[in-house]
Amino acid sequence: MYTQALNIKDMAAAAEDSAFDARFQSRVDAEEKIEPNDWMPDAYRRTLVRQIAQHAHSEIVGMLPEGNWITRAPSLKRKAALLAKVQDEGGHGAYLYAAAETLGVSREDLVEQLLDGKQKYSSIFNYPTLSWADIGIIGWLVDGAAIMNQIPLCRCSYGPYARAMIRICKEESFHQRQGYEIMVTLCRDGTPEQKAMAQDALNRWWWPVLMMFGPSDKDSQHTDKSMRWKIKRFTNDDLRQKFIDATVPQGQYLGLTFPDPAMKHNDRTGHWEHGEIDWSEFKRVVAGDGPCNRQRMKQRRDANENGAWVREAALAFAQKRRARAEAAARIAAE
Amino acid sequence: MTEKNWPLWEVFIRSRTGLAHRHVGSVHAVDAEMALQNARDVYTRRGEGLSLWVVPSSAIVASDPADKDLMFEPTASKIYRHPTFYDVPDEVGHM
Amino acid sequence: MTETPLFRYTLRLADNALVLGHRLSEWVGRAPVLEEDLALGNLGLDLIGQARAFYVYAGEIEGRGRDEDALAYLRDAGEYCNVLLVEQPNGDFAATMMRQLFYSAFAHPFFEALQKSRDATLAAIAAKAVKEMAYHVRHSAEWVIRLGDGTDESHRRAQQAADDLWTYTGELFEADAVERALIEAGIAPDTAALRASFDNAINDVFDEATLQRPGSGFMQSGGRDGRHSEHLGFILTELQFLQRVYPGAKW
């Protein structure tokens, strides 16, 4: 890690110095980007590592529910698009781990913390994909919600994170459209069975998707500080509202019914109001008791363990080759 | 088992636009050949580049942010290096 | 109506690409390292793209209105005519890379030759595919070298993969009546002439990988005429399930 040496020196020298803190905050306030070698408060670094790692883990675990359907995609066009999309998610995970690594942590350590359950990933991926319509729903709603969250992150105060997000948002733009196109095909051009498949998928995913924006502002622990540091720019509730307002007309176009009897348009505010979110379900799934938590982690753990001999072999080969090159150079020099 | 980590490489891409190689991120790889392939697979899935560089992250030497003033401030006052410092009569036209 | 040799031949090329692409897509989310997950995805996407181009063309040649999906999703195993190599299970990472090396070390010189086909469509598809297969050779060769000359365990696994899969390499170079008619017409390359190029590529990689090249031994065959291993049926079961359960639906 090319940033580590400087980081350690700076942190030791400046740990107690609140002048640094004030100077840091004024840089953030002036919309200056904070870069890896710059001094930053320890808590800012910790918050970023936690958030970027969680974001990266979400991309990687997020490959699984959709990856499920690559071999069963119903046409070659859909198969190619889905494979490309799931692969993109792996790519986004890679960009994000790379951004986290500029903060002085290693990807391997972060992955270990994921597998040990010490770091989280987005709970939405603990729900199962039961039909092809779920692939449409994930693109339309899950990616749609993710984009709402991610666009403001392109202006995040931490340079490497912001730059990774710009790249990710650019690539993500096809994901949501891919999903919505599947929904249109099922709902408007499809058979009654296909439409029912779509409605069933919406019924299962709608509430978990709303939970993706995190707890309501009055219960969120991280919002204040993250806003001050410009890691976060909108509150959970603001983003959730924005998402609902954008999504409801799209669902109406499909002729689908949102599974929320309390949902209604407020003509005065111009917003769609929604019913009460069941936060006990959210807490239960985050705590590990969603339908697929164990299954997802097992698949990640298996991939990691089954690949250990491959990673070792590549390292051993590189070492041998280096040793051979050095020996050859010694002989040449003699 | 404590597994040894794969080294980190910084990735630079020269895009189609003819600009210089630009830093895009990093990959893990055990050696240069695989670092190039990994960079290709991770960072050029949409025809982003015509040329790739990979550099061991440990080989990059960075300036110290604490030196920012002494390194970069002194040039700010040398306005005579910029074309707008000099007046050219309007009649002469663009120069 | 009897099918033409050109239809049969194009379908073989399509089936090879689809079945191998499908196998690679099974790896998603399971690779030994994140970068490799992306690499396997890229290899799979190349092959699925090739399959689509060949299916579209096969449908045109046939002239019965079958599109790429009708050909991919509505034929049973006996009508699939891919070589046996590509349907072999992924196994461990060594088996997958070895299968990829064997296939691409054949497919690369094959597409190079097919670029000169007198059939303009096949030549055009080949011109795109040849670059993709060149990368597949490079990527799989680098991995086979690292696994062969890595640790004792990786060496053992790589050698096992080579020994298990070698028996499926003979079929790549077989020419039956279908193919001979097209070779004479200047449409298909003579695969016997590609053997030396394949052998050289494999020998070079195996030398560097410190692996033993398996002896010539018995060569399995039959896939191109619809006689498959047990594995293909399971692939098609997954691949075709939605099209079969909802006949006629659009997706």
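Chain letters run A, B, ... following the sequence lines, proteins first, then strands; residues in each count from 1.
The residue among C:His155, C:Glu153, C:His22 with the most heavy atom pairs within less than 4.5 Å of chain A is C:His22. Across C:Ile145, C:Leu18, C:Asp149, C:Leu242, the residue that shares the most heavy-atom pairs under 4.5 angstrom with chain A is C:Asp149. In terms of heavy-atom pairs under 4.5 angstrom with chain A, the leader among C:Leu38, C:Leu40, C:Asp152 is C:Leu38. Counting heavy-atom pairs closer than 4.5 Å to chain A, the top-ranked of the candidates C:Gln243, C:Glu26, C:Glu35, C:Arg52 is C:Arg52.
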Problem - side chain to side chain contact (heavy atoms under 4.5 Å, CB included) assessment of A:Trp309 paired with C:Arg156 - result: CA-CA 11 Å; A:Trp309 68 271; C:Arg156 180 178 56 72; over 6 Å; no
Problem - C:Gln240 vs A:Arg72, side chain to side chain contact (heavy atoms under 4.5 Å, CB included): CA-CA, chis, key distance, verdict - result: CA-CA 7 Å; C:Gln240 300 180 338; A:Arg72 291 178 290 171; over 6 Å; no
Practice task
Determine, stepwise, if the pair C:Arg30 / A:Asp302 fulfils salt bridge (charged side-chain N to carboxylate O under 4.0 Å, His left out).
Solution key: CA-CA 8 Å; C:Arg30 294 174 171 82; A:Asp302 287 351; over 6 Å; no
Problem - Test side chain to side chain donor-acceptor pair (under 3.5 Å) applied to C:Glu238 and A:Thr71, step by step - result: CA-CA 6 Å; C:Glu238 250 184 277; A:Thr71 54; 2.4 Å; yes
Handout entry: side chain to side chain contact (heavy atoms under 4.5 Å, CB included) evaluation trace for C:Leu34 with A:Ile60
Key = CA-CA 9 Å; C:Leu34 181 52; A:Ile60 300 305; 3.5 Å; yes
Handout entry: From CA spacing to verdict: side chain to side chain contact (heavy atoms under 4.5 Å, CB included), A:Met63, C:Asp37
Key = CA-CA 10 Å; A:Met63 296 169 77; C:Asp37 232 317; 4.1 Å; yes
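Contacts between C:Arg23 and chain A at a heavy-atom distance below 4.5 Å are absent for every atom of the residue. At a 4.5 Å heavy-atom cutoff, C:Ile235 makes no contact with chain A through either its backbone or its side chain. Using a 4.5 Å cut-off between heavy atoms, C:Leu45 contacts chain A through both its backbone and its side chain. In this structure, chain A has no heavy atom under 4.5 Å from any part of C:Ala51.
Residues C:Ser25 and A:Leu83 share a closest heavy-atom pair of CB-CD2, 4.0 Å. In terms of heavy atoms, A:Ala313 sits closest to C:Leu147 at CB-CD2, 4.1 Å. Residues C:Pro32 and A:Gly307 come closest through the heavy atom pair CB-CA, 3.5 Å.
Of the N and O atoms on the side chains of A:Glu312 and C:Thr151, not one donor lies less than 3.5 Å from an acceptor on the other residue. With 3.5 Å as the limit, one finds a donor-acceptor pair spanning the side chains of A:Gln87 and C:Asn42.
With hydrogens and angles disregarded, no donor-acceptor distance shorter than 3.5 Å links the side chain of C:Arg146 to the backbone of A:Ala316. At least one donor-acceptor pair closer than 3.5 Å links the side chain of A:Arg78 to the backbone N or O of C:Trp251. Side-chain N or O atoms of A:Gln194 include one that pairs as donor or acceptor with a backbone N or O of C:Lys250 at under 3.5 Å.
Few gaps surround CZ on C:Arg244; more than 12 heavy atoms of other groups in view lie less than 6.0 Å from it. Environment of CZ in A:Arg294: sparse, with no more than 12 heavy atoms of neighbouring residues, nucleotides or ligands closer than 6.0 Å. For C:Arg213, the CZ atom sits in a packed shell: over 12 heavy atoms of surrounding residues, nucleotides or ligands are nearer than 6.0 Å. The number of heavy atoms from other shown groups lying within 6.0 Å of NZ (A:Lys320) is above 12.
Two residues are said to be in side-chain contact when any heavy atoms from C-beta on lie closer than 4.5 Å; A:Arg107 and C:Val33 meet this criterion.
Heavy-atom neighbours of chain A within the stretch residues 65-88 of chain C, taken at a separation under 4.5 angstrom, comprise C:Glu68, C:Asp69, C:Ala72, C:Tyr73. For residues 178-188 of chain A, a heavy-atom distance under 4.5 Å to chain C picks out A:Thr185, A:Leu186, given by residue number.
Checked for salt-bridge contact, A:Arg311 and C:Glu36 miss the test: no charged N lies under 4.0 Å from a carboxylate O.
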